[in-house]
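To start, the structure itself, in structure tokens.
The sequence lines fix the lettering, A, B, ..., with proteins before strands; numbering per chain opens at 1.
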2 protein chains.
Amino acid sequence: MSVSIYDVAAEAGVSIATVSRILNKSAAVSPKKVAAVQAAMEKLHFEPNQFARGLVNKQANMIGVYMLDGDVSVFDSTYSIELLKGIQRVLTYQDKCMTLIVERPGFYKRAGGIPAYREYVRSKRIDGLILNGPLRAMMPPEVERELREMDFPVVYIGRQEESEFLNVYAHYVEYCLEILEHLRAKGHTNIIYYAISMHENYIRQVKSVTDTWQDGSRICFRLLHTGEMSREQYKKDLQKYVCGGEITAVCMPDYDQAVTMLGVCNELHIPVPDRLSMVAVTHRMDEAKQTYPPLSTLYVPAVDMGASAAELLLHRLNGDDIPETGIEYKPRYTERESVKEMTAPMTP
Amino acid sequence: MSVSIYDVAAEAGVSIATVSRILNKSAAVSPKKVAAVQAAMEKLHFEPNQFARGLVNKQANMIGVYMLDGDVSVFDSTYSIELLKGIQRVLTYQDKCMTLIVERPGFYKRAGGIPAYREYVRSKRIDGLILNGPLRAMMPPEVERELREMDFPVVYIGRQEESEFLNVYAHYVEYCLEILEHLRAKGHTNIIYYAISMHENYIRQVKSVTDTWQDGSRICFRLLHTGEMSREQYKKDLQKYVCGGEITAVCMPDYDQAVTMLGVCNELHIPVPDRLSMVAVTHRMDEAKQTYPPLSTLYVPAVDMGASAAELLLHRLNGDDIPETGIEYKPRYTERESVKEMTAPMTP
DNA sequence: TTGTACGCGTTATCAC
DNA sequence: GTGATAACGCGTACAA
């Protein structure tokens, strides 16, 4: 049924040690035997059994990627998807493969706070782990201790707060402020800033900074709870605040939401950018060029972050020197036509 | 270092056989020993080694999902992403996990046409396989023969043509025609139909049907090659055909492209649907409600297709009876505001 | 250069 | 109900 190293050895008329040596190039073997063994391997469709190999080598050639299915599915967020794309790209070029470990919502209640990846780690199914999400929620202290004791390779994607794993991150708070300052520089002082509810904590930090601004700016932060029909919310907000004459600019948390907002503007005959300027966060390079008008964006290079995370992990696995334990990515602001310079103060 | 069944047995003062029995509930064990062993397992953080287990059981609890990175990345296509979402959802609820096997473009030249999943199959890394993409390109005859000889569980997502794997599919050709017939019923006879280049073969089949229509319909099929700036193409097409007065309706291959097209319409002051009706294929439930105007869509339930594929595979693995070897999904057409009934023939 | 024999951590089949 | 012990397929020290 299943073909083993014994079958190959028998077919080629050598011992299993010789076959193994050829397989792993672990020692010199006479050319004739090499040829014979390779022929036998071809003929029998031999491929070393990964279980037997793993049992000896203690490595799975597999890395785990752990994410949370929260109010949004992992596959509903362009950020997560771009991360996965980057990770996948790097791993495909090495001969590692990746298993996606997705935690269902509310796991901390169900499983006593034990994240699903722990089983993978303990049972040696993965050699390393990439985490994305709220670190403290994803890793209770006891699990963290266990990982440290084993010296298990972990890369965390996100801002590292208490722990000291390898990590890759972009300063969310900083780039929120960057957007707002760009708008301020263009004379926009009344702004609505939409954010997804997951970022509530960050938004609080942003607000604590903008509250200190003394130029009369009024930034209205609005949290988007998924599942709600955001279009309806936008419509109400625009009717109230923009048609009311105060707001001159709006920030959207991603490309899809920006598109929706553009649609609402269109519906309400609010010209962009003449009556309302718009900026969006985006995770896919250049997608913002597809809209009309093309969107000014803050591009967060999630693909690159994912790729970096995977590279960092692979270096760690190879035992390479790792000069930097954390890599910061700076989002890039690109000015396009959706933002207008305010020359004179708006009068309703 | 690593804790094995021997350690647990020693700690609990029993033999490894007893530990194994408790682990797998494979025989009755006295309650006292059960308690002692469970305590020992807790204390030592024991988790059975998957390699040793797999070596004996010959199963990996892992299923492979194979896709092609063509001109578009797997993660750039909402169709693929929704498939993955569905597969993931099902597998997460069982205790199977999934590894994503992505083939880089041009593999058939590089590797002599041997798809990457073959190694996973031969080395017993996966118990089953889900395939999505052009079947003949993804599976040369020799590989197919090998899979059949092993009786390896495979589910193919897509229209099955020559082979007889389990499969899940939606008739692409049929639903193209469905869209066109909906438009025809509303009096649209001059239509541009955009499709992604991957679907070229299907489009040919669609065309061979529409060519037989005797009502003077003129359907212009345009292939979208990714990497091109589709927005520019749309702009030219609209200026030429719509402003020229012939075309009254347009079909878009997905939500993103529809959004782009809506932007172009907006830019060129072509009102939708008054001057141009629009229909889009979509893979995410309800996303088309977010645009303005809300899009009439043909919803292809890719999540459900992915979920079905995973379920089919799990049934196959469990040895359940499988009544139907193929499951057809029917896309659902939803009329929204982006299509207008043509009352009188357009006069330029 | 080559082959033998043992260990890796399980499960399963025996005797007891 | 329980405990030895033989597979499972591979890598490798050691002997030849």
Side-chain angles (χ1 to χ4, degrees), chain A residues 1-38 40-41 44-62 95 119-127 150, chain B residues 1-38 40-41 44-62 95 119-127 150:
Chain A
M1 171 73 206
S2 191
V3 30
S4 81
I5 200 173
Y6 286 93
D7 304 316
V8 176
E11 174 78 24
V14 299
S15 76
I16 60 160
T18 301
V19 177
S20 178
R21 277 189 270 262
I22 293 169
L23 220 49
N24 307 301
K25 303 188 205 313
S26 52
V29 176
S30 72
K32 297 149 203 165
K33 300 213 171 185
V34 172
V37 167
Q38 274 170 348
M41 296 202 300
L44 301 179
H45 293 335
F46 171 73
E47 191 87 29
N49 182 316
Q50 290 301 317
F51 296 125
R53 193 167 254 193
L55 200 53
V56 176
N57 292 340
K58 293 168 184 323
Q59 59 162 315
N61 287 321
M62 180 81 79
D95 60 348
E119 187 199 320
Y120 287 73
V121 173
R122 283 194 182 170
S123 65
K124 317 255 179 302
R125 237 203 284 251
I126 54 178
D127 302 323
M150 309 171 56
Chain B
M1 170 73 204
S2 191
V3 29
S4 82
I5 200 173
Y6 285 93
D7 304 316
V8 175
E11 174 78 24
V14 300
S15 75
I16 60 161
T18 301
V19 178
S20 177
R21 276 190 271 264
I22 292 170
L23 220 49
N24 307 301
K25 303 187 204 313
S26 52
V29 175
S30 73
K32 297 148 203 166
K33 299 212 171 183
V34 172
V37 167
Q38 274 170 348
M41 295 200 303
L44 301 179
H45 293 335
F46 171 74
E47 191 86 30
N49 182 316
Q50 289 302 318
F51 296 127
R53 197 166 250 194
L55 197 55
V56 176
N57 291 340
K58 294 170 182 323
Q59 61 163 314
N61 288 322
M62 179 83 77
D95 60 347
E119 186 199 321
Y120 287 74
V121 172
R122 284 193 181 170
S123 64
K124 317 258 179 301
R125 239 203 283 251
I126 56 178
D127 302 323
M150 307 172 58

Checking [X] now: which residues fulfil side chain to side chain contact (heavy atoms under 4.5 Å, CB included) with it, not counting sequence neighbours?
X: Val56(A); answer: none
X: Asp127(A); answer: Gln59(A), Ala60(A), Lys96(A), Leu317(A)
X: Leu23(B); answer: Met41(B), Phe46(B), Pro48(B), Arg53(B)
X: Ala12(A); answer: Val14(A), Ala36(A), Val37(A), Ala40(A)

Can you list, pair by pair, the side-chain donor-acceptor contacts under 3.5 Å of residues 119-126 of chain B, counting residues two or more places apart and other chains?
| residue | atom | partner | partner atom | Å |
| --- | --- | --- | --- | --- |
| Glu119(B) | OE2 | Arg125(B) | NH2 | 3.4 |
| Arg122(B) | NE | Glu146(B) | OE2 | 2.7 |
| Arg122(B) | NH2 | His45(A) | ND1 | 3.1 |
| Arg122(B) | NH2 | Glu146(B) | OE1 | 3.0 |
| Ser123(B) | OG | Glu119(B) | O | 2.7 |
| Lys124(B) | NZ | Ser2(A) | OG | 3.1 |
| Lys124(B) | NZ | Arg122(B) | O | 3.2 |

Subject >> Protein-to-nucleotide contact annotation, 5' to 3' order, nucleotides 11-16 of chain C [B base; S sugar-phosphate only; - none; under 4.0 Å, heavy atom] >> reply: B-----
Subject >> Contact interval (first through last nucleotide) of DNA chain D with protein chain B, 4.0 Å heavy-atom >> reply: dG1(D) to dG9(D)
**OP:** Return the set of residues passing salt bridge (charged side-chain N to carboxylate O under 4.0 Å, His left out) with Glu11(B) (not counting sequence neighbours), or none when no residue passes.
**Re:** Lys43(B)
Subject >> salt bridge (charged side-chain N to carboxylate O under 4.0 Å, His left out) partners of Arg21(B), counting only residues at least two apart >> reply: none
Original post:
Distance check: side-chain N/O of Lys32(A) vs OP1/OP2 of dT2(C), anything under 4.0 Å?
Top reply: no
Subject >> N/O (side chain, Lys33(A)) to phosphate O (OP1/OP2, dT2(C)) under 4.0 Å >> reply: yes
Subject >> Axis deviation across the helix from dT1(C)-dA16(D) to dC16(C)-dG1(D), five-pair ends, to the nearest 10° >> reply: 40°
